[in-house]
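One structure is given here, and the rest of the page talks about it.
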Amino acid sequence: MWKDSEADIDFLNFNYLAEQVVEISKDENLSPATIGVYGDWGSGKSTLMKMVKKSLDADKNTLTVEFNGWLFEGYEDAKTALCGTILDEMRTHETLFAKGKEKIKALLKKVDGGKLLSKGVKYGLDFLLTSGIGTVTELTLTGIISAVKQKAGDVSEDEIKKVIDAFKKEETKRTEIKNFRKTFKEVFEDCKGERLVVFIDELDRCTPDTVLDIFEAIRLFLYVPGTTFIIGADERLVSYAVKTKYKDIPGHDIDISKEYLEKLVQYPVKIPQLNEQEVKQYITCLLLQNEDIDIKKVAESITKLGINDELTSDTVKAATGKEVTEGIKEAFDLSNQIYSALATLMKGNPRHCKRFFNTLMMRIALADRRNITLQKKILAKLMLAEYYKPSFIEALMKPESKDELKQLESKSGEAAFTALKDWCSDEWVQKWAVGEPRLSAVDNLSDYFYFSRESRKLYSSSAEILSNEAKKLLQNLMDASDSVRSKAIESAKQLAPAEQVLLDNAMFDEIIKEEKIDSKKFKSYLELSVELKQQKEAVTRIKALPIARIPAGLVGQMTAFVKTLDASTKDSLKSFLLTNSKLNASVNAIFK
């Protein structure tokens, strides 16, 4: 299996992107600079940043610092944490910034004061500002200390007094920022030729407040000649964070989030979506990692391939000097079988592809522990359908579906379908069925279905395995506002198909958790299913509900949805709804 984190080896051929980021980072004429490494969740941002850091670490005049804003979420002031992390690294480095050590220590003391101030405010000391700190006297100090200690027992009286003293200082916050920035700039003037590069990752996992805190820290305190900041994030989610705080100006055609980001990030580097051949190359390399070869040499050979060149077994042989084994042949064979479907389903997303193979290998390992052998190619084909058409897999599990599957694979036009009747005319299913390997030739598919069910139990809900972007969309889809839900439905079309299926599942799961199904949210769910072409899945889920949970009001929301159904699916839904005679009038009104 493969670790779900940034890769140590570049299977994505990101070397050309990394070289560009390194060049900007080292160019003194461009300093200070902020570089945005933009890409979707799982697209390889962290891997690219790791490559850049490795290259910069080889430069004796460059200090690199890593900062993960998500680690400080919820319990630490982000501005303080970022400043403190950077200054600590500068202070403790053996050779770099030696001439500025005393100034760095002085700045750290100011940061510690800021941390104390933030802690005080967090625990309720901000109420002191309501009538002005000038009103606080020694006569009332005992009462203030008592009130604060009740809210936070771990704050000492000395700490509280220090906070109050900080409020009493005549120096304004603006002056403090100016002085901090001036001293920080002087450190680099004292240490000419030495540069600092700060990597800020996982920013799109943070709350909007944390994102903006980090941006403010960069611009207010740290943005001086000699510094470069490299930010890895999904540009859309960062834009969302900005928009939550800064609204567009009414009557002006200005996108505030776009303007904000363009001022903050001067050099955007966007990670491209992998095409089919790049997905094939990537998943082949993942599979080759399980073979007894020097995979680093294979990765190095990829950088020498032309844009239209293909990774082949001969490439592997030339790179490693080893003969092509049966295992290597099987890796290429499996990759050839599924790469096209994976590229479409996963929208060229490396992390989605890696998760697909981790699930595949986990199921094989689970089966092996039960002395059952699962064929990779058979399992992979079933998993493709499971990812994109989960309700079809449920139908395929029925014992009576075996003969019908054979008919589907042979494209028998006159065949009679019962178990698979809702799927025999589905274009995706038809294409999937005729692809190799032929599942009807497998004696016992029940073993594959068994471990499919067991693996699905590892997740308690579809929502838990959504990407950060999809989770935000789910939150918006469950919003009370019609406009917010409509925008989320439109945005969902940009997700990878596999993520679309999970999002559609998750929204339905959330809707039916409520004792009474919200009719407006239900209508939005149906609209989402139409936009994502998941109507048959939606009908299957609706039919799985107790008929008593579907009042006439919900049926009335199905009018537009029903018009998008094919004749067979429409009849199936109508028959189900008519099992409740109280719905007859509503059903007959929309099924004309």
Side-chain angles (χ1 to χ4, degrees), residues 6 15 17-37 45-46 48-69 71-72 78-115 176-201 203 214-232 263-269:
E6 67 272 13
N15 191 57
L17 292 171
E19 288 175 354
Q20 180 64 66
V21 176
V22 170
E23 183 178 328
I24 296 171
S25 302
K26 286 186 173 183
D27 193 332
E28 293 182 4
N29 295 322
L30 301 180
S31 179
T34 306
I35 304 168
V37 177
K45 299 185 295 294
S46 297
L48 175 58
M49 292 171 75
K50 190 170 185 177
M51 293 171 63
V52 173
K53 184 178 185 302
K54 183 178 180 181
S55 178
L56 290 173
D57 282 341
D59 184 348
K60 63 179 183 180
N61 291 321
T62 301
L63 171 64
T64 63
V65 177
E66 293 179 288
F67 181 81
N68 187 326
L71 295 180
F72 295 93
K79 288 195 288 289
T80 297
L82 177 60
C83 294
T85 300
I86 291 170
L87 291 169
D88 270 334
E89 290 290 332
M90 293 174 72
R91 178 179 61 84
T92 57
H93 196 277
E94 293 180 1
T95 56
L96 292 174
F97 302 106
K99 294 179 180 178
K101 293 293 193 234
E102 291 304 315
K103 289 176 181 175
I104 292 170
K105 288 179 183 177
L107 290 174
L108 271 169
K109 288 182 180 179
K110 290 188 177 182
V111 168
D112 287 339
K115 186 183 297 184
E176 284 284 358
I177 293 171
K178 183 179 178 181
N179 290 341
F180 187 103
R181 186 186 179 91
K182 179 175 178 290
T183 305
F184 192 63
K185 183 179 179 181
E186 288 172 357
V187 171
F188 288 88
E189 291 171 349
D190 295 342
C191 307
K192 287 190 179 297
E194 298 176 10
R195 67 178 65 88
L196 169 73
V197 181
V198 182
F199 293 84
I200 301 175
D201 202 5
L203 204 58
I214 290 172
F215 283 165
E216 287 174 7
I218 293 172
R219 297 298 294 184
L220 294 176
F221 298 101
L222 308 168
Y223 199 69
V224 301
T227 64
T228 299
F229 294 86
I230 301 176
I231 298 171
K263 286 184 178 179
L264 181 79
V265 180
Q266 301 86 37
Y267 308 101
V269 177

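The analysis underlying the following values was restricted to heavy atoms, covering all of them including side chains, and did not include hydrogens, waters or symmetry mates.
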May I ask you to decide if L96's main-chain N or O and E194's side chain share a donor-acceptor pair within less than 3.5 Å? no
Does F199 reach the side chain of V65, with side-chain heavy atoms less than 4.5 Å apart? no
Under a 4.0 Å threshold between the charged nitrogen and the carboxylate oxygen, would K54 count as salt-bridged to D57? no
Pairwise side-chain contact, F215 with L203, heavy-atom cut-off 4.5 Å (strictly under): yes
Pairwise distance OH(Y267) to CD1(I35) - rounded to 0.5 angstrom: 8.5 Å
Can you tell me how far the NZ atom of K53 sits from the NZ atom of K50, to the nearest 0.5 Å? 9.5 Å
When rounded to the nearest 0.5 Å, the distance separating CD1 of I104 from CG of L87 is 7.0 Å
Run through V22, L17, N15 and flag the one making a side-chain contact (heavy atoms from CB on, under 4.5 Å) with E19. N15
Closer than 3.5 angstrom, by distance alone: can the side chain of T227 be matched with the main-chain N or O of Y223 as a donor-acceptor pair? no
Check I214, I218, D201 against I231 for a side-chain contact (heavy atoms from CB on, under 4.5 Å) and give me the one that passes. I218
Any side-chain heavy-atom pair from I230 and I200 closer than 4.5 angstrom? no
What side-chain hydrogen bond (donor to acceptor under 3.5 Å, both in side chains) pairs are there with at least one residue in residues 24-36, not counting sequence neighbours? none
Keeping Q266 on the side-chain end and L264 on the backbone end, is there a donor-acceptor pair under 3.5 Å? yes
Please tabulate, for side-chain N and O atoms in residues 184-192, each donor-acceptor pair with protein atoms closer than 3.5 Å (sequence neighbours left out).
residue : atom : partner : partner atom : Å
E186    : OE1  : K103    : NZ           : 3.4
E186    : OE2  : K182    : NZ           : 2.8
D190    : OD2  : K103    : NZ           : 2.9

CG (L107) and CD (E102) are apart, to the nearest 0.5 Å, by 11.5 Å
